[in-house]
Amino acid sequence: MEIRMPENAKKVIETLEAAGYEAYIVGGCVRDSILGREPGDWDITTAARPEQVKALFRRTIDTGIKHGTVTVMFGKEAYEVTTYRVDGEYSDHRRPDSVEFTANLEEDLKRRDFTINAMAYSPSAGVIDLFGGMDDLDNKVIKAVGDPLARFDEDALRILRAIRFAGQLDFTIERDTRKAMILRAQFLQDISAERIRVELDKLLTSAHPEKLMEAYVTGITAYILPEFDRMMEQPQNNPYHKYNVGVHSMEAVKVIEPTTVCRWAALLHDVGKPECHTVDENGIDHFYGHNEKGAEIARKVLRRLRFDNETTDLVCKMVLWHDYGLGEMLKKTTFRKALSRMGADFFPYYIKIRRADMAAQSDYKLEERRGSIEHLEKLYQEITDAKDCLTIKQLAINGKDLIALGVKPGKEIGDILQELLNQVLGSPELNNRETLLSMAESYIRK
């Protein structure tokens, strides 16, 4: 079969072949091309040594020269070219202790993780498939190259990568590969938080994030996301629910938009429930305060996984607000106050997590709750269209005006402005300069 590749990738291969060196695109780009997916990167493998590659191209970067990788540049286009290699021992289950270059393509391919990632292609030779990758693509199977225990001993992250690929491609994991994942799951403790985060995030934002359940049943989450194990062990004997906390959360993940912020917020929105669990006299489960506790736990999880501050803050805010009572906001006055507290720009995120949460619950009063959500969206549009004041910055007067009235700079200014905002939230028509100055003067006289 023929694989269409970028002209410059083809140029790299043709240049290397013209100089007498084998060269192929390899790995994920071959897999994705065969599946009709758009490859994210076009990696090239070759029999040429790094210095020989560098001698053939005008502009190169030594991105991983120790491991045989040279990046060839064509303007802003970059292609990683890596010499065939044989890896030494992996004493830390993360990276090889040593690398030895080879001229044998098979030696290079058999060190790779899964059969579907161990295929190579060049226009002159076609697809090189030495380990049954094409059959596994046809059968939608994730299978380790050679001995799966050896592959996971080399790099324990491959255990999580198997599940991530299953999620992205909607494949199943081959039996022996899955057994080896279970036996080697403990080695994930040796993997950096950043690498774990990347794989988990790719899984959760994939078309099938529910494959995270495979990580639970194989014991993997016990090492990388123990909070999820506790969620899976927490039942919800409550009319509003039909799943345990973990399954409910996964159902919410499936229906929310596939962005990092939304998927992680959906996964963690009830993470505080196991710690807040109580049972009433009728045997009904309750989880009072789980949103506050959940935001606290979610922050610990996201920091442990080395998420950036912006993502962490927004996810935690969604967790904190996800269970804010609908009944408390149905009147426009109380809704303005809620918008002022959460921030008008945040309201769309509130709606996203609230809808996902409800979609994963039982049918108990579901239509009533959906009606409440629609009512809030209507109120939001009305308030936005009217440009109602929701923040101190939107008040018709500011701290300088209060100083001009004789208020000394300091806490009193903030207190007066906050009191004015409270009044305006209830009666937006009060937000004009003359009215607010008059109200401020009355506060000062008190």
Side-chain angles (χ1 to χ4, degrees), residues 1-50 52-57 60 64 67-74 77-87 99-148 151 158 161-162 165-166 168-172 174 177:
M1 67 177 298
E2 180 180 358
I3 291 178
R4 295 181 61 183
M5 67 179 77
E7 284 302 313
N8 284 329
K10 187 181 296 185
K11 184 177 180 180
V12 172
I13 290 175
E14 290 173 346
T15 300
L16 286 163
E17 287 181 335
Y21 306 113
E22 290 181 358
Y24 303 86
I25 57 170
V26 69
C29 60
V30 179
R31 177 199 68 226
D32 288 343
S33 295
I34 294 171
L35 290 173
R37 295 161 56 96
E38 186 66 31
D41 299 295
W42 294 86
D43 294 329
I44 296 168
T45 188
T46 181
R49 299 298 178 96
Q52 294 168 329
V53 175
K54 293 174 66 173
L56 291 172
F57 298 95
T60 63
H67 295 94
T69 301
V70 173
T71 298
V72 176
M73 301 298 299
F74 294 92
E77 279 188 54
Y79 296 93
E80 286 193 353
V81 180
T82 303
T83 303
Y84 300 161
R85 73 186 201 202
V86 177
D87 294 339
V99 168
E100 180 181 334
F101 298 140
T102 177
N104 188 312
L105 175 63
E106 181 176 358
E107 289 296 317
D108 181 84
L109 294 179
K110 74 181 185 181
R111 69 178 176 82
R112 297 175 183 269
D113 52 8
F114 307 111
T115 60
I116 61 172
N117 296 333
M119 294 181 287
Y121 171 86
S122 73
S124 60
V127 175
I128 306 298
D129 177 20
L130 305 178
F131 304 102
M134 290 287 283
D135 286 342
D136 290 336
L137 284 181
D138 289 341
N139 295 322
K140 297 188 174 184
V141 169
I142 307 295
K143 181 180 180 182
V145 174
D147 178 5
R151 296 293 79 75
R158 290 169 170 172
R161 279 168 60 84
F165 283 126
Q168 289 180 323
L169 304 175
D170 194 20
F171 281 19
T172 58
E174 182 263 342
T177 300

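Just so it is clear, the structure is predicted and the values come from calculations on it, not from any experiment.
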Provide the closest heavy-atom pair for [X] versus [Y] in the form atom of the first, atom of the second, distance.
X      : Y      : value
Leu16  : Ala48  : CD2-CB, 4.0 Å
Arg111 : Asp108 : CG-O, 2.9 Å
Thr71  : Ala78  : CG2-CB, 3.7 Å
Phe114 : Arg158 : CZ-O, 3.3 Å

What's the separation between atom [atom1] in [X] and atom [atom2] in [Y], rounded to the nearest 0.5 Å?
X      : Y      : atom1 : atom2 : result
Tyr24  : Ile13  : OH    : CD1   : 9.5 Å
Lys143 : Phe171 : NZ    : CZ    : 14.0 Å
Thr102 : Arg85  : OG1   : CZ    : 12.5 Å
Tyr79  : Asp41  : OH    : CG    : 10.0 Å
His67  : Phe101 : NE2   : CZ    : 9.0 Å
Phe74  : Phe57  : CZ    : CZ    : 5.5 Å

Between Arg151 and Val145 (side chain of the first, backbone of the second, donor and acceptor by atom type, cut-off under 3.5 Å), is there such a pair?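 Yes; judged by distance alone, with no hydrogens or angles, the pair exists.
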So, applying side-chain contact (heavy atoms from CB on, under 4.5 Å) with Tyr21, which one of Thr15, Thr83, Val53, Leu56 is it?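 With Tyr21 as partner, Thr15, Thr83, Val53, Leu56 yield a single side-chain contact (heavy atoms from CB on, under 4.5 Å), made by Leu56.
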For a quick check under 3.5 Å, do Thr82 and Thr45 share a side-chain donor-acceptor pair by atom type?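 Short answer, no.
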Are Tyr84 and Glu22 side-chain neighbours, meaning at least one heavy-atom pair lies under 4.5 Å?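 Yes, side chains in contact.
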pair Lys110-Leu130: side-chain heavy atoms closer than 4.5 Å: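 Side chain of Lys110 against side chain of Leu130, heavy atoms only: no contact under 4.5 Å found.
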Report the C-alpha separation of Val141 and Thr172 in whole Å, then their side-chain angles, then the decisive distance to 0.1 Å, and conclude whether the side-chain contact (heavy atoms from CB on, under 4.5 Å) test is met. CA-CA 5 Å; Val141 169; Thr172 58; 4.2 Å; yes
Contacts table for residues 115-128: side-chain donor-acceptor under 3.5 angstrom, sequence neighbours left out:
from   : atom 1 : to     : atom 2 : distance (Å)
Thr115 : OG1    : Asp136 : OD2    : 2.5
Asn117 : OD1    : Arg31  : NH1    : 2.5
Asn117 : ND2    : Asp113 : OD1    : 3.2
Tyr121 : OH     : Ile3   : N      : 3.1
Ser122 : OG     : Ser124 : OG     : 3.2
Ser122 : OG     : Ala125 : N      : 3.0
Ser124 : OG     : Glu17  : OE2    : 2.9

